[in-house]
Amino acid sequence: MSNTEGRNYSLERQRSKTTFTQESVVATVKCGFLWKTSFHTGRTSSKSRYFVLTRSSLDHFRNNQTEKLKGSLPLAAIDIVERLPEDNCSFRITGPFKHPLILQACSREECQEWIKAIENGIQQWRLDSDSGTPGFNKKDEIYSFQNVPGIKMLYPSLCCPVGDKVSFSAASELHHEFPMIKYARGGRSIPHERVFKLDNDNLHIMWKKRGKAHSFNFANTLCLDRVIEVRCGQQTRNFFKFPYTEVESQSFSLMFEKQQGEWSQLCSLDLICDSPVAFEKWSSAMREIIYGQDQRVNRHRFDGVDPVVLWLKRHWSVMSSRRSKGISVDQALSFAQHCCSGAKKKQQLRNYIKDVLEVQCGIIQHNENLLWNSFLMLFNNLNEQPNLLKIFFKYAKEHPNLGMTPTEFAEFLHREQEESLSLPACARLMSVHDNFHMTYKQRCAGNDPVSFRLSKSFLSFHGFLSYLRSKDNSAVNPEHNTVYQDMDHPLSDYFINSSHNTYLTGRQLKGHSSLEAYVRALLQGCRCIELDCWDGPDEPVITHGLTLTSKVRFRDVVQVIREYAFETSEFPLILSLENHCNKEQQAIMADVFVTELGDMLATTNLCDELGVDTLPSPKDLKRKILLKGKIKTKKKHKISTSIWPGVNVSPIISNISTRVKKTSRGVLMSSQSEAVFTRSESANSLSSGRVRSLTNATIATVGSTSEDQYSIVPLEDSMGKLIVYCRAVPYKKHEISGDCCEMYSFNDGSAQDFITGHPRDILSLANKHIVRTYPKGSRVDSSNYNPLVMWNAGLQMVAINFQKPDSGMHLNQGKFRKNGGCGYILKPDSLRNRDKSNYYPMIKESPKGGKSCYFTIEVLSGQYLHGDEDSQLPIRVDVETVGVPEDCGILSTEPTMDKLNPQFHNAKHLFKIIMPELCLVYFKVQLLSSNKSRILRLLFQEVISLDSLRSGIRYIRLRSLTGVEIPHSGLFVRMKLQDFQPATFEVKGTSRERLLTF
């Protein structure tokens, strides 16, 4: 087929929305009459039928006039051709069809000729035959990989074995069913027995009720990529609610992030094995799958694999668990309807399935089953991406119907992605991503086995999509997934990932306190966590004071910190202490810190030892825990007196304060610690009857107290000596100390006023001292402020409520994924070198020595932008740039009803960015009302630092609102970053001109 014909053919395919086919001359290899034997009765038909063997198929006709075609059996679909031992004249053909085809020839010699001819034809179509790219061999390929620096970082799959599964020795024993005791999520019911198994590809664990009437379903599965910890023993909330201490040695929990809901928190799948042997198998397999060789969570198992293929594999393993081979047409139809969400009619979907079955086995029989390759091809046929197809054909010129050659793929990488790769490496990369699409290649080749063998060295369109979606084509610079910044600067030169009221899992007024909240924050790379310390019956407790939040023991919190402090990052962890304890319990706090943390606790001031007036660097304080606290206070109670206008409530407030003070110790004695590692139940509210008798207005007032609204007891004696680098002092403009170890704190309202009124003063303050901000007390719903305002002013610790998955938390998560997620990000040079920079937060142009840039983005299409509900409502994609006020802008696409593969047109915009180092790109998928006039809710989101993005056609993997990555849902975008060229571009005022060409 010529290039012109190929291009015309591609346009026709795009219009008809069908898969590739190729017309070729059918050459007859052998023909003759054969008798067909019924599989059910074993009887041979008394009348022969005419069979024709071509290079691609075995065709069945009523007579030698080729009238009334009965069916066609593709040779590529045949597994085995063998002679029947009981009859020398008969042979059997087995394949992906339900029953084998048994044919009888007129003689033994004729039977042998048929077998040999069919076997030769099958050999021509073998899918696993070696077919490399002309011009290189495997030795050259291996040599080229070893001599390309950084190839592993840029292209993970080049260093991974080609295959469709990852096998583990311990997990191989878990592919059959095991009965186990399962705890209900959230402890809503008593434990119950379920049957568990691991899928054959070790992608997820699934469970069902015992009995033949029940089967596995996708809702009762847990993807192992979401698991962040394997915890042996009974160490979760569910186990404390229903303890079975006699089988604690057979219990384990899989900890994972909550994917949906109002609050972000850790969840657990809690299981009890029925024997020590089963426990050993499951615990060993889970550790082997979840953790890497460094004993940390392995996040790179499937870096080189298309996430959509992995997602389909998970669906496939659940649906195929009912049958030994394949899934039914009804199952495939149900899945197709779910994917298309009403966009295609039922009969249209049945035709898709029929076409796939014809490629699979030619003759469609009743109750035919779809195999894995056919199931994948069905989704590919549904997943039309015409915008990406145009780009594909722009480079696939030599054989457009078969795919891209290595040379064409290398040209695509060079021109579109701004990457260079050798031809052998290109061929290897193509082979990895086309490995799952051989059935599709077979259909592209039509009836020609020679074309099929040739196509195996090309990159098909669906292989091209797999490459675009994989980590090989990551939208984020792979270097930024590691610690690449200089970590030798003083601590004050870094933005520090900080948490506020870390112990809470809900609202500030009546939320639940949990040790799991500390575990989650530390595993997310948080480097500053908060401990609100109050007097307990015997030892201090952690709680949100004077509210109805539950409590956890101080000692338990410190023990958890010791275990998880450096699980994700080795750089220093700061414990922000809000102390309300008396001297006796402060002494207990100091003893707990010293005995539990030991050498991890930083007690020596390196500034004094080295004689410098700057803080140590994160590198100097690796694996050290720093304490931050107020060593003196001058503030007093400031409870609002505006509850009842016109009434003098001072005596009432005084009486309330006295009563709370007198009963607080007794209240705490009646409320046991709700620590995760103890089995005692905690009180969800203060149990004192007198406190409960407070009016709602008074409770609301008490609950809205913040860090600076009630007295914080100064740390002194043994506890005060442990505060070395982060001594919190009140801010007074004309009394700023030269001591670098003193730091300042503001609530978000005060900080906003300070930044607006005195932007240069706060920049200078944060240049030498650490400055922390936290949500003001009125945010009782745990909502977050905009952290960009604080970062733009150079403030280091911008404390965020980690439990609230709102836009503030999304921005915080996105910013701190940079620099390897270590929790420290070096501030831009213009914020660090104040003597040489004219930067201030409301700057209108790039500061001295800074670099402006143009960021161009075009939203091409989406991939599975599905919610579980509201499927009949439209969606819209928004791309926002957020940073300094001058850099803020938005691109919105037109609303669409298509959620499987929505195509966007004219969704392109040019942003001029004056501070790229502070700019974040916020991707949103919004659910709209039926009339498209308002936003109902956010479906998916992702935030990436602008300077981490790579130019080219990239796939943005989206996340749920709680921050859990959903890799099979994403956006295909084309991006370009260019330095600002005044002679080339002109932007007037605050308007943004569109970039028409890349």
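The first residue of the sequence shown is numbered 1, and numbering continues consecutively from there. Every heavy atom of this structure was used, including side-chain atoms; hydrogens, water molecules and symmetry mates were not.
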Let me confirm one number: the OH-CD distance from Tyr854 to Gln978, rounded to the nearest 0.5 Å.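 Interatomic distance, Tyr854 OH to Gln978 CD, rounded to 0.5 Å: 9.0 Å.
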
Between atom OH of Tyr955 and atom CG of Leu860, what is the distance when rounded to the nearest 0.5 Å?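 Here the rounded value is 13.5 Å.
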
Start with the C-alpha distance between Met790 and Gln796, add both sets of side-chain angles, then the distance that settles side-chain contact (heavy atoms from CB on, under 4.5 Å), and finish with yes or no. CA-CA 8 Å; Met790 314 304 171; Gln796 296 90 344; over 6 Å; no

State, to 0.1 Å, how close Ala799 and His500 come at their nearest heavy-atom pair, and which atoms those are.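 Of all heavy-atom pairs spanning Ala799 and His500, the closest is CB-CB, 3.8 Å.
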
Any residue meeting side-chain contact (heavy atoms from CB on, under 4.5 Å) with [X], in chain and number order, not counting sequence neighbours:
X: Ser499; value: Thr502, Cys526, Phe802
X: Glu609; value: Thr604, Leu606
X: Ser782; value: Trp263, Gln508, Asn801, Gln803, Lys804
X: Asn833; value: Asp829

Run the side chain to side chain donor-acceptor pair (under 3.5 Å) test on Gln524 and Glu257 for me, step by step, so that the C-alpha distance in whole Å, both residues' side-chain angles and the decisive distance to 0.1 Å come before the verdict. CA-CA 10 Å; Gln524 286 197 341; Glu257 281 273 2; 3.0 Å; yes

Using ring centroids (six-membered ring only for Trp), state whether [Y] and [X] fall under 6.0 Å.
X: Phe911; Y: His909; value: yes
X: Phe754; Y: Phe746; value: yes
X: Phe923; Y: Phe940; value: no

[Y]/[X] salt bridge by N-O under 4.0 Å criterion:
X: Asp303; Y: Lys471; result: yes
X: Asp599; Y: Arg623; result: no
X: Glu942; Y: Arg817; result: yes
X: Lys851; Y: Glu917; result: no
X: Glu886; Y: Lys912; result: no

Evaluate whether atom CD of Glu845 has more than 12 neighbouring non-hydrogen atoms of other residues, nucleotides or ligands under 6.0 angstrom away.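 Count not over threshold, so no.
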
Can you confirm whether more than 12 heavy atoms, excluding those of Asp294, are under 6.0 Å from its CG atom?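 Atom CG in Asp294 is crowded, with more than 12 foreign heavy atoms closer than 6.0 Å.
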
Chi angles and distances behind the side-chain contact (heavy atoms from CB on, under 4.5 Å) call for Arg957, Ser969: CA-CA 6 Å; Arg957 300 185 179 203; Ser969 296; over 6 Å; no

For the side chain of Lys818 and the backbone of Thr482, is there at least one donor-acceptor N/O pair under 3.5 Å apart?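 Between the backbone of Thr482 and the side chain of Lys818 there is no qualifying donor-acceptor contact (under 3.5 Å).
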
Residue list, salt bridge (charged side-chain N to carboxylate O under 4.0 Å, His left out) with [X], at least two apart or on another chain:
X: Arg226; value: none
X: Arg954; value: Glu419
X: Asp620; value: none

Under the rule for side-chain hydrogen bond (donor to acceptor under 3.5 Å, both in side chains), what residues qualify as partners of [X], not counting sequence neighbours?
X: Tyr503; answer: Asn501, Asp532
X: Lys258; answer: none
X: Ser807; answer: none
X: Glu965; answer: none

State whether Tyr774 and Lys776 meet the cation-pi test: NZ (Lys) or CZ (Arg) under 6.0 Å from the six-membered ring centroid, and within 45° of the perpendicular axis.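 No - Lys776 does not lie over the ring of Tyr774 by the 6.0 Å and 45° rule.
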
Could you please spell out the steps behind the side-chain contact (heavy atoms from CB on, under 4.5 Å) verdict for Met487 and Ser617? CA-CA 7 Å; Met487 305 304 288; Ser617 69; over 6 Å; no

Run the side chain to side chain donor-acceptor pair (under 3.5 Å) test on Ser470 and Asn473 for me, step by step, so that the C-alpha distance in whole Å, both residues' side-chain angles and the decisive distance to 0.1 Å come before the verdict. CA-CA 6 Å; Ser470 74; Asn473 187 50; over 6 Å; no

Do Tyr731 and Glu742 have a side chain donor and acceptor closer than 3.5 Å?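 Checked: Tyr731/Glu742 side chains show no N/O donor-acceptor pair below 3.5 Å.
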
Would you mind listing every salt bridge (Lys or Arg N to Asp or Glu O under 4.0 Å) that reaches into residues 747-763, with sequence neighbours excluded?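 Salt bridge (Lys or Arg N to Asp or Glu O under 4.0 Å) check on residues 747-763 returns Lys733-Asp761, Asp748-Arg779.
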
